[in-house]
Amino acid sequence: MLDLQFICEHRDEVEQNCRNRGVQVDVAAVVRLRDERNSLISSGDELRRRQKDVSGKIPHASADERSALVEQGKQLRAQISATEERQKVIEEHLRVEVIRIPNMTHPDAPIGGENDAKEIRTWGTKPKFDFKALDHVDIAAKLDLIDFEAGARVAGHGFYYLKNDAVMLEMALVQFALTKLRSEGFTLYTTPDLARDSVLEGIGFNPRGDETQIYSIANTDLSLVATAEITLGGALKDQTLDLAGLPMKFCGLSHCFRTEAGAHGRATRGIYRVHQFTKVEMFGFTAGDVEASGALHAEIVRIEEEIFQALGIPYRLIDTASGDLGGPAYRKYDLEAWMPGRGEAGEYGEVTSASNCTDYQARRLGIRYRSPDRKGTQFVHTLNGTAISCARAIIAVLENYQQADGSVVVPEVLRPWVGKDVITA
RNA sequence: GGAGAGAUGGCAGAGCGGCCGAUUGCACCGGUCUUGAAAACCGGAGUACCCGCAAGGGUACCCAGGGUUCGAAUCCCUGUCUCUCCGCCA
């Protein structure tokens with residue numbers, strides 16, 4: 001959520017930004033509603049002031065003044081109720097409009113849609129095979145690593161069982177990521193896999209509704225989380241932090257659940273797009289200036305790259321274009337890993353994403369900080385980034401490390417946890 | 001799942017329906033005293049929102065949301081969370 005005052009004072013920029021992001025919003029309505037809200041607050045305050053005055057006189061009033069004052073108080077109460085009711089209605093309209101407005105965009109981020117993303121750099125050498133590269137589904141079938149049929153029987157299409165060395169591979173990826181992040185000064189967490197809808201909304205997810213990506217639990221205000229970003233960011237909801245304690249760097253291991261509504265027919269093969277996966281996520285809270293959050297953003301991207309470099313998986317780094325940023329992100333970098341079995345002759349596939357959400361999430365979550373040189377409090381900036389998203393990382397490992405004989409070499413950094421150098425049938 | 005107790009400012013801890021945004025202690029900041037410090041004494045300190053160029057003024061906030069009342073931290077209802085006891089359980 002953007003600051004209301006900011007929206008009203010920077011109308012043109014906000015409107016332009018919405019166009020760049022492909023979002024339709026009625027900024028004029030916001031300005032109009034805010035004006036009405038402010039005048040309702042003013043008149044409500046004045047009415048309450050008068051009521052305090054009247055009720056304050058009653059204890060000292062003589063018997064015959066008393067009934068007139070009580071009568072006056074009654075009338076004021078009625079007026080106050082009416083004003084408050086009106087204010088509630090206006091504020092709800094205002095809220096609905098304001099939450100639709102996306103965050104502002106970093107001036108250097110490319111403008112446009114999916115195809116306008118800017119490639120910042122590539123790393124690694126794509127493996128050359130003297131055989132026809134298989135995709136992860138075929139590799140896994142030969143090595144008995146994934147049971148899709150059981151997944152479908154038990155939970156439906158989009159669910160899967162990892163099996164045999166794939167289980168060890170997933171655990172190894174998790175261990176590797178956690179070890180790395182601990183050494184980078186992140187506080188390690190496992191988090192709840194469920195969260196209140198208010199937390200989901202604060203982070204920027206829409207838990208219920210037609211195009212929701214979220215599974216919600218019937219008869220509760222809980223939903224399955226789509227990422228630990230939700231639980232890590234929500235962990236400090238409504239807290240006031242100390243500047244001296246910032247930045248805070250959290251890392252969370254969780255399951256992620258996504259309905260993938262509307263994604264049918266798009267890359268449905270294998271475990272690229274699934275309803276449940278395991279992920280190690282980074283989350284950061286910094287002081288409320290783009291210098292501080294920008295620095296942590298760069299650090300998060302650096303860590304993501306180092307993880308894939310250590311795994312020996314070629315990738316490219318993408319500066320996501322305005323139309324693809326979603327609501328909360330101010331700037332977003334994606335890592336796309338090379339997946340030799342994807343498409344005709346291999347394609348890049350998104351494996352991580354790192355966003356600076358500035359104060360957009362913090363404002364709705366109420367996460368503030370105090371600094372000694374300023375009166376009052378300010379909103380923190382929040383950032384999130386993927387360390388390892390297991391399903392997709394497994395795809396990248398299997399496809400890049402496949403051998404002519406059908407086996408898969410285990411990346412060196414994972415061997416201590418997988419317990420072997422090569423996965424064979 | 002059942003029974004009970006509780007939630008007040010950074011912490012501790014008071015608070016008969018009106019004089020309570022809230023006593024007090026600790027911690028904190030400024031000052032006096034002192035060679036310096038401690039002690040003592042004096043003073044200051046919350047957050048959000050609204051009006052105002054500003055100085056300043058106003059309103060709200062005693063877990064949250066409703067209700068009773070001219071008036072609620074205080075009474076009633078609901079929810080959330082915490083603690084204790086019983087049962088069940090990985």
Identify whether any heavy atom of A/K88 sits under 4.0 Å from a base atom; if not, whether one sits that close to sugar-phosphate; answer base, sugar-phosphate or nothing. sugar-phosphate

State which residue, out of A/L246, A/L243, A/L241, fulfils the side-chain contact (heavy atoms from CB on, under 4.5 Å) condition with A/S371. A/L243

Do the side-chain N or O atoms of A/R66 get closer than 4.0 angstrom to the phosphate oxygens (OP1, OP2) of B/rC70? no

Check the distance between B/rC63's P and A/K237's NZ and give it to me in whole angstrom. 17 Å

Do A/H297 and A/Y333 have ring centres separated by under 6.0 Å? yes

Sidechain N-carboxylate O distance under 4.0 Å for A/R86, A/E36: yes

What is the distance from NZ of A/K57 to P of B/rU69, rounded to the nearest Å? 23 Å

Starting from the 5' end of RNA chain B, give me the residue, A/R368 or A/G56, whose nearest nucleotide shows up first. A/G56

Counting Watson-Crick and G-U wobble pairs only, both distances under 3.5 Å, name the nucleotide matched with B/rU78, or none. B/rA64

Value in whole Å for how far the P atom of B/rG18 lies from CG of A/D53: 18 Å

Rounding to an integer number of angstrom, what distance separates B/rG1 and B/rG87 when you compare their C1' atoms? 8 Å

Pick base, sugar-phosphate or nothing for A/L69, based on heavy-atom distances below 4.0 Å to the nucleic acid. nothing

Minimal heavy-atom distance between A/K180 and A/I303, with the atoms involved, is CE-CG2, 4.1 Å

Can you tell which of A/L311, A/L178, A/V174, A/T278 makes a side-chain contact (heavy atoms from CB on, under 4.5 Å) with A/I388? A/L311

What integer number of Å spans the P atoms of B/rG71 and B/rG21? 16 Å

Pairing partner of B/rG10, by Watson-Crick or G-U wobble and under 3.5 Å for both distances, is B/rC26

Provide, to the nearest angstrom, the distance between the CD atom belonging to A/E36 and the C1' atom belonging to B/rC50. 15 Å

Across every strand shown, the nucleotide meeting Watson-Crick or G-U wobble geometry with B/rU69 (both distances under 3.5 Å) is none

Hey, are A/R48 and A/Q51 close enough side-chain-wise for a donor-acceptor pair under 3.5 Å? no

How many whole angstroms separate atom CG of A/D242 from atom P of B/rC28? 15 Å

With P as the reference atom in both, quote the distance from B/rG57 to B/rG44 in angstrom, rounded to an integer. 15 Å

If we take the C1' atom in both B/rG9 and B/rU24, what is their distance in whole Å? 13 Å

If I pick the C1' atom on B/rA90 and the same atom on B/rG4, what distance separates them, to the nearest angstrom? 28 Å

Measure from CZ on A/R370 to P on B/rG10 and round the result to the nearest Å. 7 Å

B/rA48 phosphate, OP1 or OP2, under 4.0 Å from A/T377 side-chain N/O: yes

Closest nucleotide among B/rC50, B/rG18, B/rU80 to the A/R196 side chain: B/rU80

Complement of B/rG1, any strand, by Watson-Crick or G-U distances under 3.5 angstrom: B/rC86

Between A/T382 and the options A/E229, A/R363, A/Q361, the side-chain hydrogen bond (donor to acceptor under 3.5 Å, both in side chains) test singles out A/Q361

Go ahead and name the base partner of B/rA40; Watson-Crick or wobble counts if both distances stay under 3.5 Å, otherwise write none. B/rU32

Can you tell me the pairing partner of B/rC16 across any strand shown, Watson-Crick or G-U wobble, with both distances under 3.5 angstrom? none

Which value, in whole Å, describes the distance between the C1' atoms of nucleotides B/rA38 and B/rC33? 12 Å

Look at the side-chain N and O atoms of A/Q51 and state whether any lies under 4.0 Å from the OP1 or OP2 oxygen of B/rG71. yes

Out of B/rC51, B/rU69, B/rC81, minimum distance to the side chain of A/R77 belongs to B/rU69

Write down the protein N/O and nucleotide N/O pairs, taken from nucleotides 59-62 of chain B, whose separation is under 3.5 Å; answer none if there are no such pairs.
unit_1 : atom_1 : unit_2 : atom_2 : d
B/rU59 : O2'    : A/D45  : OD1    : 2.9
B/rU59 : O2'    : A/R48  : NE     : 3.1
B/rA60 : OP2    : A/K52  : NZ     : 3.1

Hydrogens and angles aside, do A/Q79 and A/Q75 bring a side-chain donor and acceptor to less than 3.5 Å of each other? no

Taking a pair as Watson-Crick or G-U wobble with both distances under 3.5 Å, which nucleotide is matched to B/rA48? B/rU59

C1' atoms of B/rC51 and B/rA39, separation to the nearest Å: 47 Å

How long is the span from the CE atom in A/M168 to the CG atom in A/L173, to the nearest 0.5 Å? 12.0 Å

OP1 or OP2 of B/rC51 versus the side-chain N and O atoms of A/N38: is any pair under 4.0 Å? yes

What integer distance in Å separates A/E91:CD from B/rC50:C1'? 11 Å

Please give the distance between the C1' atoms of B/rU74 and B/rC26 as a whole number of Å. 26 Å

Atom-pair distance (CD on A/Q79; P on B/rC70), nearest Å: 15 Å

Which pairs, with at least one residue in residues 156-167 of chain A and sequence neighbours excluded, count as a salt bridge (Lys or Arg N to Asp or Glu O under 4.0 Å)? A/D144-A/K163, A/D165-A/K420

